[in-house]
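Lettering of chains follows the sequences in order, A, B, ..., and the numbering in each one begins at 1.
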Protein chains: 4
Amino acid sequence: MDGIARDKRSQILRAAARVFSTKGFHKAKVEEIAAEAEVGKGTVYEYFSSKKELFQEMFKSSSMFYLDVLERKLDNKDSVVEKLRQVVSLHLNFIEKHKDIARIILREHMDLGEHLTSWMIEKQEEKVAYIQKLIDEGIDRGELKVMDTAVVARMFLGAVAFSGHMLFFGQEADTEHLTEQVMETLLNGMAQG
Amino acid sequence: MDGIARDKRSQILRAAARVFSTKGFHKAKVEEIAAEAEVGKGTVYEYFSSKKELFQEMFKSSSMFYLDVLERKLDNKDSVVEKLRQVVSLHLNFIEKHKDIARIILREHMDLGEHLTSWMIEKQEEKVAYIQKLIDEGIDRGELKVMDTAVVARMFLGAVAFSGHMLFFGQEADTEHLTEQVMETLLNGMAQG
Amino acid sequence: MDGIARDKRSQILRAAARVFSTKGFHKAKVEEIAAEAEVGKGTVYEYFSSKKELFQEMFKSSSMFYLDVLERKLDNKDSVVEKLRQVVSLHLNFIEKHKDIARIILREHMDLGEHLTSWMIEKQEEKVAYIQKLIDEGIDRGELKVMDTAVVARMFLGAVAFSGHMLFFGQEADTEHLTEQVMETLLNGMAQG
Amino acid sequence: MDGIARDKRSQILRAAARVFSTKGFHKAKVEEIAAEAEVGKGTVYEYFSSKKELFQEMFKSSSMFYLDVLERKLDNKDSVVEKLRQVVSLHLNFIEKHKDIARIILREHMDLGEHLTSWMIEKQEEKVAYIQKLIDEGIDRGELKVMDTAVVARMFLGAVAFSGHMLFFGQEADTEHLTEQVMETLLNGMAQG
DNA sequence: CATGAATGAGCGTTCATTCAT
DNA sequence: CATGAATGAACGCTCATTCAT
């Protein structure tokens, strides 16, 4: 009655992550999530007022976890380049380890109604802002070139996000190597000479 | 009796693009698409056997148009770098001009049932393959460094796709400038010196 | 433009018989009947005001044809027993030759809305009345026993109708032999001695 | 909370019997059956996966009930003639008491899609086989004449089924008397002397 | 708190019927 | 007369949400 199960709420949250990531928001049935969580259908509504809220909460707690790990690890890095490398590495390792949740984060552009979408766009913009701040810092320190950081921050995230697809579809599954490839290309470019 | 209305099929296709891009697949009602196209609900089913097929056809014709323009413009370019620049430029201009359709293409990672999703992933992988081929060619010609082209092709597309978000959310709306920024960063990297 | 096709009306009627008998009333599509008749869908409505009317007219003309043959053949028979034998024989031969239409007549108890049903019940009661009259005549002539003719007329038709199922499902396909069996049993009963 | 309402499932089944028998399969609306059963539309689908299944289950449980009564009553009869008389009597009494369900069993030749029809034909053929076995037994015991039992079994059922129409349309409503009439005619025939 | 039976709004789809050509 | 493109009323079914126990 404790230990693994801890409390019903996170039990449901974990089940939701599994089901939503497999089926997507619309195809996922509340009943199935309840079954997966080994609780009654009604119990889900004790903790979450709607399917939408359940999704948001699940997404929020996943992201939070993700961002928590990120910020903790980045604090003890000096060089911005190192920090960026950490972002890439963490992102790819996160995907590798939590394919469930990752599938959702990769799908961040999902089609969902009004508030939900705007809330997710907000979340995404937060991430952009975070990276942009990092790049700005890198320019100040002379580590990075002067660039349009708003654009480059988005490119950075896009490049990292799509490179993560390799872990799903590609044969390439070594996150270490993948991180190097991504950083090398982002830092020094594709051009010869 | 001609001109604007042209034929019902493309009338519906255009309405579908507008509605699907605004509401997403699941929230879009067939009835609303019909109303938007100024035809009866039944008429939609004269031309498309299901909502799913309507979506696919709309998506297909949009993509086709996009890829058509792409391939035509790329043929008369010599340098691979120039070709890649064209890819970026066309992508961003396409977004700028067809925000409706673009919203959908940007959402390419949507959650849709079985076949639909797999079909779209296929489409995406085609694009990856196309870019990868281009990069391979660039390496052969000595224009680009030796890289893991599978990874870099994805990064390239991710960087371009996300940079396009600027056109929706950012203040930056000059595609010319945006293209330069993106290419400069991708070719020469972010690192100083 | 003449000869086989004769006129559109009967062309449609024949197609209707084929399609209705194969699919039943509800599963039959007006469009399919039109196609089968090699006319446009709209043309059907030139001759019949609704699907229901088309069905009725088709049924009516089939029954009429059936009853016409019946009455003509019965006039030149003296004995009532001979007349009843003719009824059985004609019924079974009609089934054998026009399986299409027969399938419908066998299904006379179909589920159809209000008027249609009541009209068909009327038709059936007409047949009952006809047989009842025949049996009454037979009793008057001393050929048949005194019986509750209302009941026996129905039994007679029921026995004949169901025996006709043999032609669809059973191995027995010789209508001559079948007629004898049916008449023998109806006339002399099942009981030994 | 018990007694009349018993359980929802049979509540729906009874309502279905009433509505289907009045309107037939196609004209009956699931919503109306739900209303008749005083439950929500969705509740119907808690117990039956489709309208078709609801119909089948209703039909099955009706038939089962009918055949159960039949077989129980027949066991303690010695003479085959008595058994057949019981078949007739039970059939007619069943109709008299359960006009709802009877209307359906009388309509056994209904037009319904694929499986449903074939399943009902099967059911009918079972009944034929049952009667045929009975008649065979009667012949063995010397109670009945030697006849083509496949044909006669069908005739028997047809005669009984159609005689039952009297209870719906005719003035004759005394099942006792009706049974006698039917048996007398079937056993000893219509012919004088 | 926990449950799951009951609910009904909502939507995709069909197809008889109409009518402009 | 003949046509078939266009129409929309109608219905089966799903599933998020509620609430009596």
Side-chain angles (χ1 to χ4, degrees), chain A residues 7-9 12 25-35 37-55, chain B residues 1 7-9 11-12 25-35 37-55, chain C residues 7-9 12 25-35 37-55, chain D residues 1 7-9 11-12 25-35 37-55:
Chain A
D7 68 306
K8 288 253 189 350
R9 192 187 142 89
I12 294 169
F25 182 80
H26 285 100
K27 292 239 167 185
K29 316 291 168 227
V30 172
E31 185 148 30
E32 192 185 347
I33 293 172
E38 293 177 305
V39 296
K41 201 191 332 181
T43 307
V44 172
Y45 286 85
E46 285 294 321
Y47 295 93
F48 307 94
S49 66
S50 71
K51 182 186 179 184
K52 212 159 171 172
E53 203 208 84
L54 170 58
F55 182 83
Chain B
M1 215 63 65
D7 69 306
K8 286 267 194 321
R9 193 188 144 89
Q11 208 173 124
I12 294 168
F25 182 80
H26 286 99
K27 290 241 167 184
K29 316 297 166 216
V30 172
E31 190 149 27
E32 190 186 349
I33 292 172
E38 293 177 304
V39 297
K41 197 187 342 178
T43 306
V44 172
Y45 286 88
E46 287 288 320
Y47 295 93
F48 306 94
S49 65
S50 70
K51 182 185 178 182
K52 211 159 170 172
E53 204 210 82
L54 171 57
F55 182 83
Chain C
D7 68 305
K8 288 255 191 347
R9 193 188 143 89
I12 294 168
F25 182 79
H26 285 99
K27 291 239 166 184
K29 316 289 167 228
V30 172
E31 185 147 30
E32 192 186 348
I33 293 171
E38 292 178 305
V39 297
K41 201 191 331 183
T43 307
V44 172
Y45 285 87
E46 284 293 323
Y47 294 94
F48 307 94
S49 66
S50 71
K51 182 187 179 184
K52 211 160 171 171
E53 204 208 83
L54 171 58
F55 181 83
Chain D
M1 214 61 66
D7 71 304
K8 284 269 194 324
R9 192 187 143 90
Q11 208 175 124
I12 294 168
F25 182 79
H26 286 100
K27 289 240 164 185
K29 316 292 166 220
V30 172
E31 189 149 27
E32 190 186 350
I33 292 172
E38 293 177 304
V39 298
K41 197 193 337 181
T43 307
V44 173
Y45 287 89
E46 286 288 319
Y47 294 93
F48 306 95
S49 65
S50 70
K51 183 187 178 183
K52 210 160 172 174
E53 203 208 83
L54 171 56
F55 182 82

For the atom pair [atom1] ([X]) and [atom2] ([Y]), what is the distance rounded to the nearest 0.5 Å?
| X | Y | atom1 | atom2 | result |
| --- | --- | --- | --- | --- |
| D:Asp7 | D:Tyr47 | CG | OH | 7.0 Å |
| D:Leu54 | D:Arg9 | CG | CZ | 9.0 Å |
| A:Glu31 | A:Ile33 | CD | CD1 | 11.0 Å |

Practice prompt. Please tell me which of D:Glu38 and A:Val44 maps to the more 5' nucleotide of DNA chain E, matching each residue to the nucleotide holding its nearest heavy atom.
Written response: A:Val44

Return the minimal non-hydrogen interatomic distance between [X] and [Y], and the atom names on each side.
| X | Y | value |
| --- | --- | --- |
| B:Thr43 | B:Ile12 | O-CD1, 4.2 Å |
| C:Ala34 | C:Lys41 | CB-CA, 3.7 Å |
| D:Val44 | D:Val30 | CG1-CG1, 4.2 Å |
| B:His26 | B:Lys29 | O-NZ, 3.7 Å |

May I have the distance from [X] (atom [atom1]) to [N] (atom [atom2]), rounded to whole angstrom?
| X | N | atom1 | atom2 | answer |
| --- | --- | --- | --- | --- |
| C:Ile12 | F:dC1 | CD1 | P | 12 Å |
| A:Glu32 | F:dT14 | CD | P | 15 Å |
| D:Lys52 | F:dG12 | NZ | P | 13 Å |
| D:Glu53 | F:dG12 | CD | C1' | 14 Å |
| A:Glu46 | E:dG4 | CD | P | 13 Å |
| A:Leu54 | F:dC15 | CG | P | 16 Å |
| A:Phe48 | F:dA16 | CZ | C1' | 16 Å |

Practice prompt. Report the end-to-end axis angle of the helix from E:dA2-F:dT21 to E:dT21-F:dA2; each axis comes from five terminal pairs, and the value is rounded to 10°.
Written response: 10°

Worksheet item: Quick check: are there more than 12 heavy atoms from other residues, nucleotides or ligands sitting under 6.0 Å from CD of C:Glu53?
Response: yes

Discussion item. Just to be sure I understand the rule, does A:Tyr47 reach a base, reach only the sugar-phosphate, or reach nothing, if contact means heavy atoms closer than 4.0 Å?
Written reply: sugar-phosphate

Considering only nitrogen or oxygen atoms on both sides, find all protein atoms under 3.5 Å from nucleotides 8-12 of chain E and state each distance.
residue: E:dG8; atom: N7; partner: D:Gly42; partner atom: N; Å: 3.0
residue: E:dG10; atom: O6; partner: D:Lys41; partner atom: NZ; Å: 2.8
residue: E:dC11; atom: OP1; partner: B:Lys29; partner atom: NZ; Å: 3.1
residue: E:dG12; atom: OP1; partner: B:Lys51; partner atom: NZ; Å: 2.9
residue: E:dG12; atom: OP2; partner: B:Val30; partner atom: N; Å: 3.3

Discussion item. Between B:Lys51 and B:Phe25 (side chain of the first, backbone of the second, donor and acceptor by atom type, cut-off under 3.5 Å), is there such a pair?
Written reply: yes

